[in-house]
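Note that the structure is predicted; figures quoted are calculated from it, not measured. Computed over heavy atoms, backbone and side chain alike; hydrogens, waters and symmetry mates excluded.
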Amino acid sequence: MTDRGEASVETLTAITAAFNAHDLDAIMEFFTEDCSLDMPRGPEPWGRRLVGKAAVREGLATRFAGLPDVHYSDDRHWVSGDLGVSEWLLTGTGGDGEKVRVRGCDHWEFRGGQVARKDSYWKIVDPAT
């Protein structure tokens, strides 16, 4: 069994599994109380920043509501010290029926064996080009 919060490929794989299960309780076990999450879209160059466990949980709940069948596949992960990177293919269906299929990555920062910061990026898909 993976020791939750450990900065390792196994931990990043376990986090991805919790995301694919849409299990907010399991996901949030990996995060520090003062964690932050930079969403890929928002009003600032870094997207929308959520700070604190409650705000991160609420933001993730909104993501699951907006893409109820969201799934991360074709993932790969690596770590160096307290930093980690996950790459993945995100698929899902929006509330309007629009299919989403996009490559992306997360940059992870660990502190005390837990996620202190998650910074998420998505490719911009523009079918017109």
Practice task
Could you please spell out the steps behind the side-chain contact (heavy atoms from CB on, under 4.5 Å) verdict for V115 and I15?
Solution key: CA-CA 10 Å; V115 175; I15 294 171; 4.0 Å; yes
Handout entry: Trace of the side-chain contact (heavy atoms from CB on, under 4.5 Å) decision for E87 with D74
Key = CA-CA 8 Å; E87 292 181 337; D74 299 336; over 6 Å; no
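Scanning both residues, A7 and G81, for their nearest heavy atoms gives CB-O, 3.7 Å. Across all their heavy atoms, P127 and V125 have their closest contact at CD-O, 3.7 Å.
For the atom pair CZ of R63 and CG of L37, the computed distance is 8.5 Å after rounding to the nearest 0.5 Å. Taking CG of D82 as the start and CD of Q114 as the end, the distance is 12.5 Å to the nearest 0.5 Å. Atoms CE and CH2, from M39 and W46 in turn, are 15.5 Å apart once rounded to the nearest 0.5 Å.
The hydrophobic cluster around V85 extends to W78, counting ILVMFWY residues whose side-chain heavy atoms fall within less than 4.5 Å of a member.
In this structure, the ring pair (Phe, Tyr, Trp, His ring centres under 6.0 Å) partners of H107, at least two apart in sequence or on a different chain, are Y121. Partners of S36 by side-chain hydrogen bond (donor to acceptor under 3.5 Å, both in side chains), not counting sequence neighbours: none found. In this structure R48 satisfies the salt bridge (Lys or Arg N to Asp or Glu O under 4.0 Å) test with no other residue, sequence neighbours excluded. For the side-chain hydrogen bond (donor to acceptor under 3.5 Å, both in side chains) test, residues two or more places apart in sequence or in another chain that qualify with R49 are D38. Scored by the side-chain hydrogen bond (donor to acceptor under 3.5 Å, both in side chains) test, H77 finds D75, S86 as partners (sequence neighbours excluded).
Between the side chains of T11 and S8, a donor-acceptor pair is found at a separation under 3.5 Å.
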N/O donor-acceptor pairs under 3.5 Å from side chains in residues 50-62, not counting sequence neighbours:
{"from": "K53", "atom 1": "NZ", "to": "M28", "atom 2": "O", "distance (Å)": "3.2"}
{"from": "K53", "atom 1": "NZ", "to": "F31", "atom 2": "O", "distance (Å)": "3.2"}
{"from": "R57", "atom 1": "NH1", "to": "D25", "atom 2": "OD1", "distance (Å)": "3.1"}
{"from": "R57", "atom 1": "NH2", "to": "D25", "atom 2": "OD1", "distance (Å)": "3.0"}
{"from": "T62", "atom 1": "OG1", "to": "E58", "atom 2": "O", "distance (Å)": "3.0"}

Pair up each side-chain donor or acceptor in residues 88-98 with any protein partner under 3.5 Å, not counting sequence neighbours, and list the distances.
{"from": "W88", "atom 1": "NE1", "to": "D106", "atom 2": "OD2", "distance (Å)": "3.1"}
{"from": "T93", "atom 1": "OG1", "to": "D69", "atom 2": "OD2", "distance (Å)": "2.9"}
{"from": "T93", "atom 1": "OG1", "to": "K99", "atom 2": "NZ", "distance (Å)": "3.2"}
{"from": "D96", "atom 1": "OD1", "to": "E98", "atom 2": "N", "distance (Å)": "2.9"}

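The salt bridge (Lys or Arg N to Asp or Glu O under 4.0 Å) analysis of residues 11-24, with sequence neighbours excluded, yields no pairs. Under the ring-ring contact (aromatic ring centres under 6.0 Å, His included) criterion, the residue pairs touching residues 8-28 are F19-Y72, H22-F64, with sequence neighbours excluded.
In this structure a side-chain-to-backbone donor-acceptor pair under 3.5 Å is present from T32 to C35.
Using a 4.5 Å cut-off on side-chain heavy atoms (C-beta onward), E109 and K118 make no contact.
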